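Each remark here refers to the structure printed beneath this line.
These numbers were taken from a predicted model, which means no experiment stands behind them.
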Amino acid sequence: MNNCPICFSELIQRDVTPCMDCGGDKSELNHYKDHKFMEYEMYFGQRLVLCNFCDVDFGSYDSEYFGFEKGKRLGLKDFNIVKEYSDIKLMKDKFCTSCNHRLSFLKFVDICRSENK
């Protein structure tokens with residue numbers, strides 16, 4: 001995939017942390033080893049790896065961004081822990097500079113939107 005599934009901008013490849021939400025943010029590359037990373041099964045059976053900041057902060061997203069009804073509360077109550085990551089290292093992923101997210105997160109958003117139609 002060469003284009004963002006949300007805004008259709010061209011994707012670039014870059015180093016990322018395991019967090020599928022903030023992991024493409026260049027500022028995270030300097031202190032990602034200070035975070036814990038968990039894989040969660042979430043909406044519609046999808047899985048996301050999130051750092052210990054993004055999992056708690058997930059509820060700050062507007063539910064409509066994911067295609068849910070206005071006012072739906074998002075958060076840890078919706079997450080099932082799959083596993084904790086212990087071998088933490090940088091990896092490569094595509095990134096949308098317009099949406100400011102990794103492709104893995106953008107695919108998650110896209111599927112949520114499709115399932116919520």
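Atom SG of Cys112 sits about 5.5 Å away from atom CZ of Phe44, to the nearest 0.5 Å. Rounding to the nearest 0.5 Å places OH of Tyr65 at 12.0 Å from CG of Leu74. The CG atom of Asn80 sits 9.5 Å away from atom CZ of Arg47, with the distance rounded to the nearest 0.5 Å. Distance check, rounded to the nearest 0.5 Å: NZ of Lys94 to CD of Glu10 gives 9.0 Å. Of the inter-residue distances, the one linking Asp25 atom CG with Cys19 atom SG reads 10.0 Å to the nearest 0.5 angstrom.
The two residues Asp87 and Lys89 have their closest heavy-atom pair at OD2-NZ, 3.4 Å. Listed here is the closest heavy atom pair of Asn3 and Phe8: ND2-O, 3.0 Å. Nearest approach of Met42 to Leu50, heavy atoms of both residues: SD-CD1, 4.3 Å. Closest heavy-atom contact between Cys4 and Leu11: N-CG, 3.6 Å. When all heavy atoms are compared, the tightest approach of Glu28 to Cys22 is CG-O, 3.5 Å.
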Check your understanding: Hey, mind stepping through Asp55 and Leu76 against side chain to side chain contact (heavy atoms under 4.5 Å, CB included) and telling me if it holds?
Key -> CA-CA 7 Å; Asp55 60 5; Leu76 288 172; 3.9 Å; yes
Review point. Between Asp21 and Leu48, is a side chain to side chain contact (heavy atoms under 4.5 Å, CB included) present by the stated rule, with each step listed?
Key: CA-CA 8 Å; Asp21 189 353; Leu48 273 183; over 6 Å; no
Exercise for review: Could you check Cys51 against Thr17 for side chain to side chain contact (heavy atoms under 4.5 Å, CB included), going step by step and ending with a plain yes or no?
Suggested key: CA-CA 9 Å; Cys51 70; Thr17 74; over 6 Å; no
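Using modelled atom types, one side-chain atom of Ser63 and one backbone atom of Glu69 make a donor-acceptor pair closer than 3.5 Å. Judged purely by atom type and a 3.5 angstrom limit, Arg14 has no side-chain atom pairing as donor or acceptor with the backbone of Arg102. Although no hydrogens or angles enter the test, the distance criterion places no donor-acceptor pair under 3.5 Å between the side chain of His101 and the main chain of Gly24. In this structure, the side chain of Asn52 engages the main chain of Lys36 through a donor-acceptor pair within 3.5 Å.
Glu115 places none of its side-chain heavy atoms less than 4.5 Å from the side chain of Gln46. Residues Ile6 and Cys96 have side chains not in contact (no heavy-atom distance under 4.5 Å, counting atoms from C-beta outward). With contacts defined as side-chain heavy-atom distances shorter than 4.5 Å, the pair Pro18/Ile88 qualifies.
Note on ring orientation: taking the six-membered ring where Trp is involved, the planes of Tyr43 and Phe79 are perpendicular (angle over 60°, cut-offs 30° and 60°).
Contact check on Lys92 versus Asp15 returns a salt bridge, with a Lys/Arg side-chain nitrogen under 4.0 Å from an Asp/Glu carboxylate oxygen.
Remark: of the listed residues Phe53, Phe66, Tyr40, Phe66 is the sole one forming a ring-ring contact (aromatic ring centres under 6.0 Å, His included) with Phe58. Among Asn116, Val109, Ile111, the single residue meeting the side chain to side chain contact (heavy atoms under 4.5 Å, CB included) criterion with Arg113 is Val109.
Between Tyr61 and Phe108, the gap from one ring centroid to the other reaches at least 6.0 Å.
Leu103 and Val16 fall into different hydrophobic clusters, where Ile, Leu, Val, Met, Phe, Trp and Tyr residues are linked whenever their side-chain heavy atoms come under 4.5 Å apart, directly or through other members. Linking Ile, Leu, Val, Met, Phe, Trp and Tyr whenever their side-chain heavy atoms come within less than 4.5 Å leaves Ile12 and Phe105 in two separate clusters.
In this structure, Lys77 places its NZ atom where more than 12 heavy-atom neighbours from other residues, nucleotides or ligands lie under 6.0 Å away.
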